[in-house]
Protein chains: 2
Amino acid sequence: MIHQLECPVETIIHVLGGKWKPMILWQLIQSNKRFNDLEKLIPDVSQKMLSQHLRDLEREGIINRTVYPTVPPKVEYSLSEYGQTLIPVAEVMCAWGENHNKR
Amino acid sequence: MIHQLECPVETIIHVLGGKWKPMILWQLIQSNKRFNDLEKLIPDVSQKMLSQHLRDLEREGIINRTVYPTVPPKVEYSLSEYGQTLIPVAEVMCAWGENHNKR
DNA sequence: TAATGAGCTTACTTCAAGGTAAGGGGATGA
DNA sequence: TCATCCCCTTACCTTGAAGTAAGCTCATTA
């Protein structure tokens, strides 16, 4: 429902608004991924931006970061339970975006 | 459906991603508005950004711009028929954003 | 005569997002 | 002993989005 002056549409745009965040999210919706995996799957992202965006998404509670104290260290990122609630929203946004791109 | 490498989530974020665009859209969903109305309803927006974002939204086909050749000129902005398709999407985004803000 | 009002546009400045490149920690393999 | 691997972090620079302020058009009003 849209009923405030500060429309919460801005909230979700802020949460997903980084240059690589939709892509990261999409990858993690498919399956859990390690840092290195994401680097390969998103070829143009820099390490800096990848880790920064991952930290942002973690801070928002959307993804989980699991560190396995192996050597060399292994860090796995996954969609949190809360992050799952984004999936239907992302699908609606995607559907509109897809249609829009056809015009 | 999420099924491309270039996720169209980015599209809608791009379309709505200007600082004032969600707010402008929200106002035009309520009712048609003139430039001056929007300036008053969105107190912190500058004229430059308002006209720029309005032009962006018009170029995307989301809003209509109607000029009445009176003196002084009157320009009315309204949601286009295509823009109406954004309403349900915006509502879903809003609902998620609202819930997210509670955390 | 000058000011007003609506709806902009233009020139200049500021600031944050993002890019580039280098380094670091710490156990392991050669 | 040196390099390697993974997952970052830091310092520095570039770019583009947004803010500020001024001006413009043209008929009406004071």
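By convention in this document, chain letters (A, B, ...) are assigned in the order of the sequence lines, proteins followed by strands, and residues within each chain are numbered from 1.
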Can you name the closest pair of heavy atoms from I63(A) and L54(A) and give their distance?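 Looks like CD1-O, 3.5 Å.
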Go along nucleotides 9-20 of chain D 5' to 3' and tag each nucleotide: B for a protein heavy atom under 4.0 Å from its base, S when only backbone or sugar atoms are that close, - otherwise. BBB------BBB
Identify, with sequence neighbours excluded, every residue that meets side chain to side chain contact (heavy atoms under 4.5 Å, CB included) alongside [X].
X       : value
R103(B) : Y82(A), H100(B)
V75(A)  : R65(A), V67(A), Y77(A)
K33(A)  : Q27(A), L28(A), Q30(A), S31(A), D37(A), L38(A), L41(A)

Is Y77(A) touching bases, backbone alone, or none of the nucleic acid, heavy atoms closer than 4.0 Å? sugar-phosphate
Please state how far atom [atom1] in [X] lies from atom [atom2] in [N], giving the value in whole angstrom units.
X      : N       : atom1 : atom2 : answer
I42(A) : dG19(C) : CD1   : P     : 12 Å
E76(B) : dG7(C)  : CD    : P     : 10 Å
L50(B) : dT10(C) : CG    : P     : 17 Å

Taking atom types as modelled, find out whether N64(B) and S80(B) have a side-chain donor-acceptor pair closer than 3.5 angstrom.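 The criterion, which ignores hydrogens and geometry beyond distance, is not satisfied for S80(B) and N64(B).
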Is there any protein nitrogen or oxygen under 3.5 Å from a nitrogen or oxygen in nucleotides 2-6 of chain D, and what are the pairs?
residue: dC6(D); atom: O3'; partner: R34(A); partner atom: NH2; Å: 3.4
residue: dC6(D); atom: O3'; partner: P73(A); partner atom: O; Å: 3.1

Once you round to the nearest 0.5 Å, how far does NZ of K40(A) lie from CD1 of I42(A)? 13.0 Å
When rounded to the nearest 0.5 angstrom, what distance separates CZ in F35(A) from CG in L50(A)? 4.0 Å
Does any pair with a residue in residues 17-31 of chain B pass salt bridge (Lys or Arg N to Asp or Glu O under 4.0 Å), and if so which ones, sequence neighbours excluded?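 Sorted pair list: K21(B)-D56(B).
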